[in-house]
Each structure stands twice: as structure tokens, then as C-alpha cells.
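What follows is a set of notes on a single structure, which appears directly below.
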Amino acid sequence: MDDPRFGRSEICVCRLRQVQSQQQNHLYQLSNLGALSDLTFENFLPRGRFGLGLLQANSLEQAYNTAMNFSGAQTGWLLLTGRYGSGKTHLAAAIANQSVRMGTPTIFLTVPDLLDWLRFSFSSGSDLNYEERFNEIRNAPLLVMDDFGTQSTTAWAEEKLFQIINSRYINHLPTVITSNVDISEFEGRIRSRLSDPELVSHVHILAPDFRNPTDEFGHPELSSLNLHARQTFGNFSFRQNEGLPKEDITSLSDAFKIVQEYAENPKGWISIHGSYGCGKTHLAAAIGNYQASRGMPPLFVVVPDLLDYLRAAFAPNSGISLDKRFNEIRTARLLILDDLGTQSATPWAREKLYQLFNYRYNAELPTVVTSSALPDELDQRLFSRLSDKRLCRLIFISAPGYSGK
């Protein structure tokens, strides 16, 4: 009678393993992990594939360590952001799998599936009515919401997601959220709660798409820098064997020194001017490739292509709105605009370029521009910003276009 277990019923040891297995299977069914049950911390590569830049590998390792700590403590919230294939879902699933093994009821859902789950509960064929299903999600001991921001943004969807987020925020229920969308694009009330540093640990993963190893640096979607991968500082030619005048060779050498120094720590603007084929694009691409090798790939885009991307956002079947596409470009950490002045000079094109320049000018965001036109031959509103010596440094290359001699 002194045994602390006296009077309690216990499972016989001969059936204990079977009962534990049944409980584990029930938790897996509840969690909705399914095919993701093999995504664990043990088979995650904390430093990613071989060849990642230092910052990329460090961000991935930080996300891994933070996820490991979260899975043990299961307190607060964890927000993982990054591009497609960067490892967010693997880490979120690893947390959920670890939680299930520890016996914690867990729900893992992509946000579009979560909303479909709720919509289906309105039908007569659903096992649970809407209120039961909604409360099951809202009150789950651990909720993992994968691919947040990819759902259709209807008023109903936004309201349901806010109710879930707000309820779990107020009650401090452990929550994991992954997203490839910048937090600034979330609905305002949700963004406010996800920005609370006392509750939310936010880790942004810089690693490229693991499923696409050819894009080793993780270039932004619109960037064409991968087409200029061979244009580096190491193979830039000063063209001393072409019989060029001394002042032309000097202009190439001076431009190289300025650009190489800028690539180490991009601040302010650089605008490179010269004739077609003189080396402007090579130097701009060298900046981009150097930054990419350090795990910080810039957005490198030819200006006419940039305008085509914006026009394409008008199409009814476009998967992205014009506002979102334009914001992606104007807020790029480092933007390299190649061949400014070759675009069609329609009023719409001039206005978009002015808005882009004006935003980055006011925000003092690092920007590199190349143009075959002289600065004062451009739109005067652009020229006024390029001529501000406090922010922008103008580089003139007098050498003619490379002829292959």
C-alpha cells in the first residue's frame, strides 16, 4: 500500500509496446505529417551542400540550431523564412516529428490545405463540424503552418488566419510558421504579431534551392546574373595589347579599382557609362558574382527585361501582382540595372523607372547602373539622382567597344 502506484490501473508490460505504438500512430494521423515522417533533424544538412557561401551556410546552421532548441522547449513561436527549397519545410517537419515522438499532439498543415480543411468541414460528409475543426487547429498543443502567404487572399481566408494567429498569440501556444514571402507583405494584424520579439524567433535562411543545385548561389527569381557567371574580377581584361591610347587603358584601370572596392562593401550608388562593349556589364556582373560568392546574391536585371517583367504582371494569368513584383525589385538588397537608356521611352516606362530610382534614392539602397548614354542624356529626374555626389559615384570608360583583336 506504500507504493505510489497503489490504486492506479496500469497497462501490462506485455501490451505496453503495442499500446504505445497505437498511440504513436494516432498522433501521426492527427498530425497530418504523412509522407513527411522521414524529414528529421538526423538527415538534415546543417551547413547545406558543399560550396555554399559563408553567410548562406551560417544562416542555415542558425535555423537548424534554433529549430532544435524549439523542438526541445516547445515554447514561443518560430518563424522560418527563405526561398523555395532552402530547408524551411524540412526543419518544420523535423520539429513536428520530434514532437509526435515525445507524445505531443501536433498538427502540420500547409496553409492552403488548412483553409481547404476548414471549407470541407462545412460539407455534410465531414467527420467534424466547422467549429470542432476550427477549435482543433486553434488550440492544438503544437501547430505547424507551412507555406504561409501562398494562400488565396480572400477576405474569408484572411479573417480565418487572423483568428487562428491571434488566438494562439494571446494564449502563447507553441507555433511554427514557414514562408517564402517577406514578412512585410503579410496582412497588417498578422505582421504585427509575428514581429513581436518577445514571443517570435525569426530566422531568415539565405541558402539556395536544395532541389536545384545548378543555382548554387540562390539568385533571385528575376536575376539573370547566372548568365554572366564567368564575368569576374579575375578575368577582366585591361586590353593593353589592343594598341589603345593610354587614357583609355587608364579609364579601364580606374573603373576596375573603384568597382572592386565597392564590391567588398556595397554602399551608395555606382553608375558606369561608356560605349557598347567597353566592359561596363562585365564590371557590374563582377560585383554581383563577388557578392553571390559571399552568400548575398543581388538582383541583376537588364532594364528592358525589368519593364517586361512588370508588364507581364498585368496579365490575367500572372501568378504575381504588379505591386508585389515592383516591390520585390525596388527593395532588393543590392540592385544592378544593366543597359539603362535602351528601353522604350513610353510615359509608363519612364514613370516606373522614376519610381524605382526615387524609392532606392530616398532609402539609400545600394544600386549599380550601367548605361551607354551619358547621365545628362537620361530622363532629367534620373539624372538629378545620379548626379548627387553624396550618394552616387559616376564612372566613365573612354575605351571603345571590344573588337576581339
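One is the number of the first residue; the rest follow in order along the sequence.
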Closer than 3.5 angstrom, by distance alone: can the side chain of Y169 be matched with the main-chain N or O of L194 as a donor-acceptor pair? no

Donor-acceptor contact present, side-chain D147 to main-chain P112, <3.5 Å: no

Carboxylate-amine/guanidinium contact R138 E131, below 4.0 Å: no

Please identify which of these residues, D146, T110, T89, meets the side chain to side chain donor-acceptor pair (under 3.5 Å) condition with T178. D146

Could you state the interatomic distance from CD1 (I183) to CG (L79), rounded to the nearest 0.5 Å? 5.5 Å

Is E187 salt-bridged to R193, cutoff N-O under 4.0 Å? no

Side chain to side chain, L307 and W348, heavy atoms closer than 4.5 Å: yes

Main chain of V301, side chain of D305: is a donor-acceptor contact present, judged purely on distance under 3.5 Å? no

Hey, does L91 have a side-chain heavy atom less than 4.5 Å from the side chain of F41? yes

Do side-chain atoms of T370 reach the backbone of D339 as a donor and acceptor pair under 3.5 angstrom? yes

Using a 6.0 Å distance limit plus a 45 degree cone around the ring axis, check whether R385 lies over the aromatic ring of Y361. yes

Side-chain donor-acceptor pair under 3.5 Å between D338 and T281, yes or no? yes

Distance alone, cut at 3.5 Å: any donor-acceptor contact between the side chains of K352 and Q355? yes

When rounded to the nearest 0.5 Å, the distance separating OG of S167 from CG of L173 is 6.5 Å

